[in-house]
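First up is the structure itself, then whatever we jot down about it.
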Amino acid sequence: MDFNLTIEQKMIRDSAHKFFAKELTKEKIRELQENNTEIEEGFWKKIAELGWLGVSSSQNSSDEGLSLMELAALYEECGRSLMPTVFYSTIASALCIANCGNADQKTELLPAIADGKIKVSMAITEPQVSHDLNYLETRAQVINGKYYVSGQKLFVPNTNTADYLIVAARTEDNTSDTGISLFLIDKASEGITFEALNTFGLDSQSEVVLDNVEVPADRIIGERGTAKNIIRKTTDQTTALQCVEMVGGAKEVIRMTADYIKKRVQFGRPIGSFQAVQHHMTKMAMDIEGSYYTAYNAVWRLSEGKPCAKEISLAKAWIGNAYRETTIMAHQLHGGIGYALEYDLHLYSNRAKTTGIWQGTSDYHYQKLADELGM
Amino acid sequence: MRFEFTEDQIAWRDKIRDFLRQNVTPAIQQEKRNSDPITNGPLAKAFLEKVKKKGWIGIGWPKEYGGMGETMVKQFIFLEEFRTAKAPAIGMTLTSLAPTIMSVGSDEMKKEWIPKIVDGEIELALGYSEPDAGSDLANLKTEAVIDGDEFVINGQKTWNSEGHVATHEFLACRTDPDVPKHKGISIILVPIDYPGVKVLPIHTWGDVRTNEVFFDNVRVPRSNLVGNLNEGWTYAMMALNLERFDIGSIADVRRLLIEVVDFLKSTTVDGEVLSKNTIVRQRVAELYSELEICKWFAYAAAAMIDEKKFPMKEMLMGKVMGSELKAKVGDIGTQVMGLYGQLRQHSKWVPVNGDVERLFRVAPLFRFGGGTNEIMRDIIAQKSLKLPREGAR
Ligand SMILES: Cc1cc2nc3c(=O)[nH]c(=O)nc-3n(C[C@H](O)[C@H](O)[C@H](O)COP(=O)(O)OP(=O)(O)OC[C@H]3O[C@@H](n4cnc5c(N)ncnc54)[C@H](O)[C@@H]3O)c2cc1C
C-alpha cells in the first residue's frame, strides 16, 4: 500500500495551488457568481497552456493529456479554490468524447477543448429523468439521413459558455440497452432555446428546449445506440472526480474554521480551547479524513480499471453528507462572522449543497450501493 | 393530562386562522420572499395594521396597556398560527422588549413609551452583541457615562438586526466598570437618529440584513434608562428567554414539511413518484417525528409559564432541538427533491417557492443566535442536570 501521490501528481496539485491562489481569488469568484458572468478568456487560455483542459484518451497512461489520477490531484485544488463549474462540465464532455468518440471526433474535438478553443457541456437530465435513461423523452428522428432532435433538458450546466452540447436523445422507442444516442449539437443551431435557472450554488444551469434541431448523422458520439454505456462510464469518472473536488472544498472549510477558533476569544480564552468546540472540530476532521481516502480510492480503482461501482457510490454517499455537514458545523463554530456575505464560508456552503445533490444524492448512492451488494 | 387544546383555546385558534385565511394573500407572502424579511413592505404594514385593529398586538400584555392579559398558551397559539400561515411577523419590540419595559420600567417610562410602541411610532433594535461580546455577552464594552442629566455613550455594537429600520436602540451599556461584569450593565433606550450614531449594513447568507452601529459621544437623557441602573443583565436575560422560546417554535417548519410532501407526491423522477421512494419516505417520516417531539417542549413550556413555573429546561431543549431541526428540514427537505433541491428562490422550477432552500440558509442563525447551542447545552447540563460547572466556562 502507498497513500502518496506520485511526484507528477503532486506537482500538478502544487502548481494548481499556487496558480489558483493568484488567479482565482475569492473576489473573482464572487464577481462571477453575483453577476453570473463567465470566467474571462485570459484565465481559460492560461489553464489550457498549463495542460489542464486535456484529458488522456487512454486514461491511465499520460499520452497527450491528464490521467484520471492527475485530474484528481487538480480537482482537489479546484474544490479548495471554488473553480467555476465550467471547468468541470468541459472536462466531463472531454472525458465523454475520449471514452467513446470515434477517431475523427477525438482528433477534431479533444485538441480544440485542450487548447481552450471550444467548450462543450452535457445535456442529459430532464424534468423527469435524473439517472435512469430509460425514461428519457427527448427524441431524435431520422429523415433523409439527418437527425432531428426535440425535447426538454433541465439542469444543463454552463450553456452560456458552451459552444456545443452533448445531448442524450432517444433513437429507438423501447427501453432496450441500445435505444439512446448522444448527439454533438452546435449551440447556435436553429431551434434551441435556453432559460437560465437560479441555483443554490450560483453556478450556471439552464433549461434547454430543443425543437426539431437538425443534426448531421456524423455528429453522433461513438455509435448510434451506445449512450447508456458512454454515460455510465463517464458518470463514474465525473462522480469520482467530484468527490475529490468536494474533499478539497471541505479541507479548506476545516482550515478556515480551525484558524478562526484559534484566534477568536470569548470568556477570556480562544473558543478553540472549549471541549464542545474541539469535539465538533474533530468530528469534521474525521469525516473529511475518511472522505479523502475514499475519494482517491474510487478514482484510483477507476484508473486501474478495477471494479469500482461500490467504491464510487460509497464515496459519493459518504462525502455528499460529510462536506455539507462540515459547512453546517463550520457556520456554528464561526457564529455571526461566518454568516456575513463578506466572509468566504457561505461560498463553500453553497457548493457543498449543490455537490451533495449533483451526480446523485447520498440517499441515491446508498440505494445503489445496496444494489451492488446484491440486495 | 390533556394533550390537546381546550375548547376555548381551539376557538381562539380558529378565530386567528379565519383572520389569516382572509388576510394573508399570496402577494403578502411573496413580498416577504422578495425583501429582507426584517423590513416590512407596504403589504405587510397594511396587514399588521389590521392585526392591531383586532387588538392582537399585546395578547399577553396587561389590560392596562391595551393588552389582552391572555395566557402564554394562547400567545403561543397565536405565534404558531402566524408562522404556519407565512404571515408577516409581529416584531420583537412588541413580543419581547415591550413586555420587559412593562415589567421593569418606571411608571413615567411606561406612560411615555408604551403607547408610542403600540402606535408603531417607536420600534426598537436589540443592541447587545459587540465584536468581542458574543457568547460572552457580559464582556460588552460600550460605555454610558453619567454627565448631569444625560448619559454619554461611546462604543460599537454589531449584528444589530433592526438598526436600519428601528427608531431606537434597546442598548446594553457598561455603566460601572469596577464591579463584576454582569453587575455593571444597564439598558438605555437610544434614538438612532441622534447625532453620533452611525449604522452600517452587514449582509448575510440568509438574505437578512443586519448592521454595525457606532456610538460617538451620543448624549441621551437619563430618563431613557430602563429600570434600575446596573441591573441591565437581568433584563437582558428576561428578554433573551422570550427570544429562545420564540426560536423553539417550529410551526412554520411543520408546514413546510407538508409542502415538501405535496411536491414529492406530485413529482415523478426516473419512473417513480418521489413520495413512493422508500428512503424518501423514511426521511420524511423521521423529520415529521422529530418535529412532533420538539413541539411538546414548547407547549409544555407555555403551559408551565401559565402555572407560574419557570420552564428553563423545556425552553432550552426546545431552542436547541428546534434550531437544529430547522437546518435539518432545510437540508434533507431539499435533498429528497433531488436535482430540484439545488434551485434557489425565484427560479423557474424551484419547489415550494424556494422556502425550503431558504430555510437551509436561514437556519444557522437560530443555532448560534439567542445564545449558541453549545452554551444552551452547558446550561441544561449544569442547571437542569446539576452537573459540575468546572472546566466549562
Ligand atoms: C443575522 C444575525 C442577526 C443577529 N441579530 C442580533 C441582534 O439583533 N442583536 C444582537 O445583540 N445580536 C444579534 N446577533 C448576534 C448573535 O446573537 C451572536 O451571533 C451570538 O450571540 C453568538 O455570538 P458570536 O457570533 O460572537 O459567536 P461566538 O460567541 O464567538 O461563538 C462562536 C462559537 O464558539 C462557541 N463557544 C463560545 N463560547 C463557548 C463556550 N464557553 N463553550 C463552548 N462553546 C463556546 C459558540 O457556541 C459558537 O459555536 C445576530 C447575529 C446574526 C448573524
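Since the model is a prediction, treat every value here as computed from it, not as a measurement. Values below: every heavy atom of this structure, side chains too, minus hydrogens, waters and symmetry copies. Protein chains get the first letters and strands the later ones, always in sequence-line order, with residue 1 at the start of each.
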**Q.** Between A:Ile337, A:Ile271, A:Asn134, the one whose heavy-atom pairs under 4.5 Å with chain B are most numerous
**A.** A:Ile337
Q. Considering only heavy atoms, which portion of B:Gln345 lies under 4.5 Å from any heavy atom of chain A: side chain, backbone, both, or neither?
A. backbone
**Q.** Test item: B:Gln335 and A:Asn321 side chains (from C-beta on) under 4.5 Å apart, heavy atoms
**A.** yes
Q. Is A:Gln359 close to B:Leu339 at the side-chain level, that is, under 4.5 Å between some pair of heavy atoms?
A. no
Q: Check whether A:Thr125 gets within reach of chain B through its side chain, its backbone, both or neither, counting any heavy atom under 4.5 Å.
A: side chain
Q) B:Asp378 versus A:Phe274: any side-chain heavy-atom pair under 4.5 Å? A) no
(Q) Quick check on A:Tyr135 against chain B: is it the side chain, the backbone, both or neither that has a heavy atom closer than 4.5 Å? (A) side chain
Q) chain A heavy atoms under 4.5 Å from B:Arg377: which part of the residue, side chain, backbone, both or neither? A) neither
Q.
Within a 6.0 Å radius of atom CH2 on A:Trp318, are there more than 12 heavy atoms belonging to other residues, nucleotides or ligands?
A. no
Q | Heavy-atom proximity to chain B below 4.5 Å, by part of A:Leu197 | A | both
Q: Check the pair B:Thr204 / A:Glu342 against side-chain contact (heavy atoms from CB on, under 4.5 Å), numbers first and verdict last.
A: CA-CA 8 Å; B:Thr204 70; A:Glu342 57 198 276; over 6 Å; no
Q | Contact winner vs chain A - B:Thr334, B:Asn139, B:Thr210, B:Val208, heavy-atom pairs under 4.5 Å | A | B:Thr334
Q. Any side-chain heavy atom of B:Arg367 within less than 4.5 Å of one from A:His331?
A. no
Q: Examine whether an atom of B:Tyr340 lies under 4.5 Å from a heavy atom of chain A, and if so say whether it belongs to the side chain, the backbone or both; otherwise answer neither.
A: both
(Q) Would you say that B:Asp270 contacts A:Val129 through its side chain, given a criterion of any heavy-atom pair below 4.5 Å between the two side chains? (A) yes
Q: Below 4.5 Å from any heavy atom of chain A, which atoms of B:Ala138 appear? Answer side chain, backbone, both or neither.
A: neither
Q: Can you tell which part of B:Asp331 gets under 4.5 Å to a heavy atom of chain A, answering side chain, backbone, both or neither?
A: both
Q.
Between A:Asn350 and B:Trp205, is there a side-chain heavy-atom distance shorter than 4.5 Å?
A. yes
**Q.** Greatest number of heavy atom pairs closer than 4.5 Å to chain A - which of B:Ser129, B:Gly206, B:Ala327
**A.** B:Gly206
Q. Based on non-hydrogen pairs under 4.5 Å, which of A:Leu154, A:Val265, A:Thr354 is most in contact with chain B?
A. A:Leu154
(Q) Atom NZ of residue position B:Lys383 - does it have more than 12 heavy atoms of other residues, nucleotides or ligands inside 6.0 Å? (A) no
(Q) Please evaluate residues A:Phe200 and B:Phe360 with respect to the criterion side-chain contact (heavy atoms from CB on, under 4.5 Å), reporting the C-alpha separation (whole Å), side-chain torsions for both, the decisive distance (0.1 Å), and the verdict. (A) CA-CA 10 Å; A:Phe200 198 93; B:Phe360 185 61; 3.5 Å; yes
Q | Check: B:Glu374 and A:His280 side chains under 4.5 Å, non-hydrogen atoms | A | yes
**Q.** Beyond-backbone contact of B:Leu343 with A:Phe155, side-chain heavy atoms, under 4.5 angstrom
**A.** yes
Q: Report the option among B:Thr278, B:Asn277, B:Thr158 that has the most heavy-atom pairs separated by less than 4.5 Å from atoms of chain A.
A: B:Asn277
**Q.** Whether B:Asp136 side chain and A:Phe267 backbone form a donor-acceptor pair below 3.5 Å
**A.** yes
Q: Count the heavy-atom pairs under 4.5 Å between each of B:Arg283, B:His346, B:Met337 and chain A, then report the option with the highest count.
A: B:Arg283
